[in-house]
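For reference, the structure discussed in these notes is given below.
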Amino acid sequence: MSFDFNLILQSLPQMLAGLGITLQLLLVSGFLGLLLAILLLLMRISGKLYLDLIAQIYIYIFRGTPILVQIFIIYYGLPQFEAIRESMFWHILREPTGCAILALTLNTGAYVSEILRGGVLSVDKGLLEAGSALGMSARQKFIYITTPLATRLSLPAYSNDVISLLKSTALASTITITDMTGIARTIVADTYAPYEVFISLAMVYIIFTFGLQKLFGVIERYLSRHTVREE
Amino acid sequence: MNDNKTQPLIEMIKVNKFFGSFQALKNIDLEVYKGERIVICGPSGSGKSTLIRCINRLEKHNDGRINIDGIELTDKVENIDAVRREVGMVFQNFNLFPHMTIAKNLMIAQQLVRKTPKAEARQIAMQYLERVKIPEQADKYPIQLSGGQQQRVAIARALCMNPEIILFDEPTSALDPEMINEVLDVMVDLAKDGMTMVCVTHEMGFARSVADRVIFMDEGEIVEQATPQAFFDNPTNDRTKAFLNQILSH
């Protein structure tokens, strides 16, 4: 078997045409997932048992099932219901991209909320006592003490989740989306050269991941500036 | 403000506090009048910290009554807020907000709780930083300061809220020996100004020279209270004697 370098050079630009879609899946579901995660976090730490319980069940279900299965349920399953087809969400859910974004959002939201909760729980209790002793309300302590510190504490685990979300976007190709992986599969179908094509695809993801890692490194250094002794 | 003799600033009546089945405070009766300096000492686990943490409701007492300047501490949030406006606290581990500059540490509660405008809050912050002799550190972060400096900042932070009472929970226990004096100096200075202070500490030199009254606790009870002179020279209780022998034997 021969290894066709030319094919790599040819297929790379084609795959990069799908970068926009991969990026869209990552950014939109990353952003919406973060909002969902914050909502779930607030439910979990609200001190209201029923809110906490709803969030826990949600997280349990979405962490306990494969994301591919979730994508299939949403893409193939939801349109079976007439109510969904007639609802305002139909114009999103009838597009595969909308389904993929929904599935990724629901999934990442469950994971990220637990990451954020870990951050919130690791904030030094003494600082919150100092806030109380100064007369700060629970809300003020949450906004001015817990949030900034928990953000920094959660960031390493969060960046991990974003990178994992990037790779989950590849699953969107299973429901006809032409992201980078979808394009790669098409090229393979045409050329019967899975080796070259998928290796070049892997390289693109690696470079992308490298960029994300660097970006989070910069954010982490910025948020940690107060933990450095020297000016 | 009422007359010194008729109304104590801090009044604890038959206060009990449990952690699960463990009784941390047993029938505590305590009165502290305006301008008094109280030192509380005793072996670890004797309930000293729990006692002062009940005064600003960081711990909730199970029964008995606690009145601070005539306000009873109950579940009512308004009462707790009112008490916390009168009571400052300094912690063993400083508990400065690590993500805020020193100045911001001193300003944040003024701005949020007292609604003081930013410029004025900054001015008040600088005034108290001068008082604890570290105005030049205002724009640094806590981690850039030594332990002694951080604790002085913590005292300044409490003072910015203009409290009637300051509680000190082992303020020098986490410090390296060479930094203890700079913190004690600030505390002595406060005492001279007439601040009402309740201080959990093992600094017996400080107790002897500054305290009006020394309280000895053991197993959740106030075992003995006396003037420093009587306390150190003629302790009456055997447990007090044993404790003093232990800490003064070196």
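By convention in this document, chain letters (A, B, ...) are assigned in the order of the sequence lines, proteins followed by strands, and residues within each chain are numbered from 1. Owing to the predicted nature of the structure, the values given are computational and were not obtained by experimental measurement.
Distance alone, capped at 3.5 Å, is enough to place a donor-acceptor pair between the B:H99 side chain and the A:Y144 backbone.
Contact count against chain A (heavy-atom pairs under 4.5 Å) is highest for B:L58 among B:L58, B:N56, B:V83. Contact count versus chain A (heavy atoms, under 4.5 Å) is highest, among B:R85, B:R157, B:Q92, B:M161, for B:R157.
Annotation: the span from B:L112 atom CG to A:R139 atom CZ amounts to 12.5 Å, rounded to 0.5 Å. Remark: B:F97 CZ to A:L128 CG distance equals 8.5 Å, nearest 0.5 Å. Rounding to the nearest 0.5 Å places CE of B:M89 at 10.5 Å from OG of A:S132. One finds the CE atom of B:M100 at 10.0 Å from the NE2 atom of A:H226 (value rounded to the nearest 0.5 Å).
Within the 4.5 Å cutoff, side-chain heavy atoms of B:P98 are placed close to those of A:L127. Between B:N95 and A:D124, some side-chain heavy-atom pair lies under the 4.5 Å cut-off.
Within 6.0 Å of CZ on A:F210 lie no more than 12 heavy atoms contributed by other residues, nucleotides or ligands. Within 6.0 Å of the CZ atom in B:F18, the count of heavy atoms belonging to other residues, nucleotides or ligands exceeds 12.
With a threshold of 4.5 angstrom between heavy atoms, A:L149 approaches chain B through side-chain atoms but not through N, CA, C or O.
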For B:I108 and A:Q140, run side chain to side chain contact (heavy atoms under 4.5 Å, CB included): C-alpha distance rounded to whole Å, both residues' side-chain angles, the deciding distance at 0.1 Å, then the answer.
CA-CA 10 Å; B:I108 183 86; A:Q140 290 169 339; over 6 Å; no
